**Q** 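Quick one: the structure is below, questions incoming.
The basis for the numbers below is simple: all heavy atoms, side chains too, and nothing from hydrogens, waters or symmetry mates. Remember, it's a predicted structure, so these values are computed and weren't measured experimentally.
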Amino acid sequence: MRFLSPLGSTRTQILSLRQFQTNSIRRESISTIHTSMDATEQSLRQSLSEKSSSVESQGNAVRALKASRAAKPEIDAAIDLLNKLKLEKSAVEKQLQSTISSSGNGSLNREAFRQAVVNTLERRLFYIPSFKIYRGVAGLFDYGPPGCAVKSNVLSFWRQHFILEENMLEVDCPCVTPEVVLKASGHVDKFTDLMVKDEKTGTCYRADHLLKDYCTEKLEKDLTISAEKAAEFKDVLAVMEDYSPEELGAKIKEYGITAPDTKNPLSDPYPFNLMFQTSIGPSGLIPGYMRPETAQGIFVNFKDLYYYNGRKLPFAAAQIGQAFRNEISPRQGLLRVREFTLAEIEHFVDPENKSHPKFSDVSKLEFLMFPREEQMSGQSAKKLCLGEAVAKGTVNNETLGYFIGRVYLFLTRLGIDKERLRFRQHLANEMAHYAADCWDAEIESSYGWIECVGIADRSAYDLRAHSEKSGVALVAEEKYAEPKEVEKLVINPVKKELGLAFKGSQKNVVESLEAMNEKEAMEMKATLESKGEVEFYVCTLGKNVSIKKNMVSISKEKKKEHQRVFTPSVIEPSFGIGRIIYCLYEHCFSTRPSKAGDEQLNVFRFPPLVAPIKCTVFPLVQNQQFEEATKVISKELTSVGISHKIDITGTSIGKRYARTDELGVPFAITVDSDTSVTIRERDSKDQVRVSLKEAASVVSSVAEGKMTWQDVWASFPHHSSAAADEQE
Ligand code: AMP
C-alpha cells in the first residue's frame, strides 16, 4: 500500500491537501527489515577481518626474513605459518559466503530459478514483451493466450470471492481522468519518486534503487567489508524509505555511487511525477492524466452509490481496471510495470463502529503475520491467530481484520504457498498521518518479499479531500430515534486580528485553527485563558506561530440534533493483479525428470481454478474412430464450460503430456478406445479409466472442485503413475 504523503502526527494537519510536506517518495514495501545484524554473519565478518590482518602481518614477516637473509629453516617455518593462515582465512570466507547465501541474501539460485520460470512463460506465450518487433518498451507487457486465460480466471474468482460474497457495488470508470480529481487526491502534487540523472547522457534512475542495489551488492558480494560497515549497510536499507531528497543525495555521494551503465556522475535526486499526462479534447485546454489507481473513480461516485445502497452503511464498492504509472526505470519483469490491472475495494464504514458481522468466519485463521513490533526488534514474521491479533489490538479493527482474512483465503485458494505469504504491518513512518492501520500481503518470490495487496484503513481522508475540492458533501447520516442534545465544539477564528498579525498567511492559520480536534482546541482554550498566548504549529507554513487570546474564540455549545452527519471511513484492499499472477507462476513452477531421466521437464502445478486450460484431449493414434470419439468429448466439454485443447499431433503420448504439463493443464483425456478413455491427473500422473460418456462430466466435476481427484480415483478403475509411465 502506498500513501502519498506521510506527515507528522499533529492532527491540525488533517486539513487540506495543500499541506503535504516536501518529502514525497512513494511509500513502497521494503522487502526485509534488518534492525540487528545476524549474529553468525557478524562474528564471521569479524573473524575474517582478523584472519586477513594475520595473513597480512605474516606476509610482512616472511618478506622481512627474506630481506634480512635469515636462515632457510626460519623462512620455511614462517612460510608454513603463512600458508596455514591463508587456509584458515579461505575457510572463513567460504563459511561467510554460505551464511550469506543461506540467509536469503544469496541471489544465484534465485536468479537461475527465475530464468527457468521466465523462459517457460515467454516460450509458451503466457506473456510477451509489448511491441517486441520494434524492440519493445520497458515496463510494458502483453498477456498471450494462456496468460489471458489465467488472468481471466483470477479475476472471475476475485469477483466471486469478494464482489458476490459481500454484495459489493461494482463500477467501471474511465482511465482518462481530469486533473481536478487527481489534484484533490494529492496525486498531482505528490505522486512522485526521487530520480537522479546521468549527468552526461541524461539517463534516468530511481535514486533509492541505486542506493539499495549498492548496499545489497556490498552485503552479498564483498566479503572484505567489516562487521560495522555491514551493519551500517543493513541500517541504510532499513531506513532509506525515510530519507529526504537531500539525505538520499548525501548517501549516494558518500558511497561514490555513479550511473550503473556509464559510471558517470549523477545529479542530485529530485521528484518525478509518475502520472502519464494528457489533455482531454482537441483544444488541449482540459488537462488530464491516465489514472494511477482506480480508487478515485469510486470516491467521486460515493454520493450516488450511497443512495443506491439505500443510504445504509457499511457498504463496499469495487472496481477492476487498468492503472498507469510511468515508473522511472522498471526492472523486476512483470512486477514493476507501467500499465497494470488493479482490483480495488473501498469499504465504507461508520468510523465509530468498525466491527464486522462476518468476522467470526475468519477469526480462527492462523497465518504468518509481521506486526510492526516484531519488525522493529529484528524478529521475523510469525504465525498468529487473526482473532487474537484483532482482540489484542495488533490489527486496528474487525473490518480491517476481516479483509486481511479474506485476502489470505483468496490468495491461498489461487495457489499461493501459505508459507511464502505474510501480512506485514506498515511501520509508523510508512503510514500517512490519517491512516489508522495498514497491512500489506507480501508474497515471497525470487525477487524477495513483494507487496501484492495493500489493505489500509484510510479513515475519512479521501472523501473529505473530494468534498473540500468539489464542494459536494460526501457524507453519511445516522438518523436518531429521539433527538439528542449534544455538545458541539465551536471554533471561531477572528479574521480581522489574524489578518493584522499574519497578513498573507492569515488563511493558513485560519484553516489550521478550524481543523483542531476537541482535545487540541480545549487545551488551546485553557492556555489562552491562563497565559493569554499560545504557540501553535501551522503545518502549511511549516512553523509555529503565536496565537493571542483575541485571535480565536473557542467554546462548547449545546444543540438538539435529529441525526448525526459524518464522513465515513474507508477500508481499502488494493490488489495488484499482475504481481499476484507472477508470484503464482513462481509458486506453481516445478521441474521433474523425464521418463528416460535425460532431461528436466517443466510443470506448472496450477490449481484447476486458475489453470489456463482445464483439460487436453488426445486421440492415442490417428484413426477415424478415435477422432470421432474426440469430437464427442470436445463437444460435451464445451457444453459444460470446460476450456480444453485437442492435441492430434503424431508425437508420442509422453511428449504430449509434457507439453500440456508445461502449460499447467491439470487433466488429460486420452482416447484409446471408442467406448472408454483414460483421464490423467497432472501432478500425480495417476490415471483412471472412465466410459466415453462420463469423461466430460468427471473432468468438469473435478476441475470445478465438486469432486476431488481422490474421489475420482476411488470411484473408477485406475492405475498409478508408475504403471502409467510404462504406457508412455
Ligand atoms: P499502491 O497504490 O502503490 O499501494 O499499489 C497497489 C497495488 O498495485 C500494489 O499492492 C501492487 O500490487 C500493485 N502495483 C503498484 N505499482 C505497480 C507496478 N508498477 N507494477 C505492477 N503492480 C504494481
Side-chain angles (χ1 to χ4, degrees), residues 23 25 27-57 88-110 194 206-258 260 266 269 370-382 422 424-430 442 444 447-450:
N23 178 5
I25 300 184
R27 300 281 133 172
E28 279 190 80
S29 128
I30 35 179
S31 34
T32 342
I33 310 245
H34 306 277
T35 45
S36 65
M37 205 178 153
D38 172 61
T40 323
E41 187 189 327
Q42 190 171 21
S43 82
L44 284 169
R45 284 198 191 270
Q46 193 71 46
S47 155
L48 184 62
S49 101
E50 284 161 15
K51 297 279 175 216
S52 301
S53 316
S54 310
V55 168
E56 198 183 323
S57 53
E88 284 174 12
K89 181 185 161 200
S90 113
V92 179
E93 261 170 2
K94 278 197 190 118
Q95 247 180 304
L96 178 58
Q97 187 66 68
S98 89
T99 306
I100 293 172
S101 308
S102 63
S103 72
N105 292 336
S107 54
L108 278 179
N109 290 345
R110 285 183 314 201
L194 289 178
R206 226 177 104 167
D208 57 335
H209 282 178
L210 293 189
L211 182 59
K212 185 177 171 196
D213 289 351
Y214 176 85
C215 295
T216 314
E217 189 165 323
K218 280 277 173 202
L219 285 166
E220 285 186 0
K221 299 196 179 138
D222 189 348
L223 300 183
T224 64
I225 54 170
S226 65
E228 292 72 33
K229 204 69 194 164
E232 178 188 317
F233 289 139
K234 291 192 177 193
D235 280 346
V236 170
L237 283 173
V239 301
M240 60 190 277
E241 295 231 342
D242 266 349
Y243 283 160
S244 65
E246 293 72 29
E247 287 167 326
L248 195 55
K251 270 285 166 221
I252 288 176
K253 284 221 163 64
E254 182 190 331
Y255 292 155
I257 300 173
T258 51
L266 293 165
F370 203 7
R372 81 174 59 100
E373 278 67 36
E374 275 69 6
Q375 298 171 50
M376 298 305 291
S377 56
Q379 298 173 48
S380 37
K382 55 179 173 224
R422 70 181 185 194
R424 189 182 70 80
Q425 187 174 32
H426 276 205
L427 299 177
N429 60 14
E430 279 178 85
E442 295 185 332
E444 199 192 17
Y447 292 102
W449 287 95
I450 301 296

**Q** So, taking the atom named CD in E228 and the one named CD in Q46, what distance separates them when rounded to the nearest 0.5 Å?
**A** 5.5 Å
**Q** What's the separation between atom CD in E232 and atom OG in S226, rounded to the nearest 0.5 Å?
**A** 8.5 Å
**Q** Quickly, which of L194, D208, V236 forms a side chain to side chain contact (heavy atoms under 4.5 Å, CB included) with Y243? Name it, please.
**A** V236
**Q** So, does Q375 use its side chain to make a donor-acceptor pair with the main chain of Q425 at under 3.5 Å?
**A** yes
**Q** Which residues satisfy the salt bridge (charged side-chain N to carboxylate O under 4.0 Å, His left out) test with K94, sequence neighbours excluded?
**A** none
**Q** Would you kindly check if the NZ (Lys) or CZ (Arg) of R424 is within the cone defined by 45 degrees around the ring axis of W449 and under 6.0 Å from the six-membered ring centre?
**A** no
**Q** Provide the closest heavy-atom pair for A230 versus R45 in the form atom of the first, atom of the second, distance.
**A** CB-NE, 3.4 Å
**Q** CG of D222 to SG of C215: how many Å apart, nearest 0.5 Å?
**A** 12.0 Å
**Q** May I have all residue pairs that pass salt bridge (Lys or Arg N to Asp or Glu O under 4.0 Å) and include part of residues 246-257, sequence neighbours excluded?
**A** K251-E254, K253-D268
**Q** Any chance you could measure L211, atom CG, to L248, atom CG, to the nearest 0.5 Å?
**A** 6.0 Å
**Q** How far does CG of L44 sit from CD of Q95, to the nearest 0.5 angstrom?
**A** 5.0 Å
**Q** Quick one: sort the F233 and Y255 rings into parallel, tilted or perpendicular, breaks at 30° and 60°.
**A** perpendicular
**Q** How long is the straight-line distance from NZ of K89 back to OG of S49, given to the nearest 0.5 Å?
**A** 10.5 Å
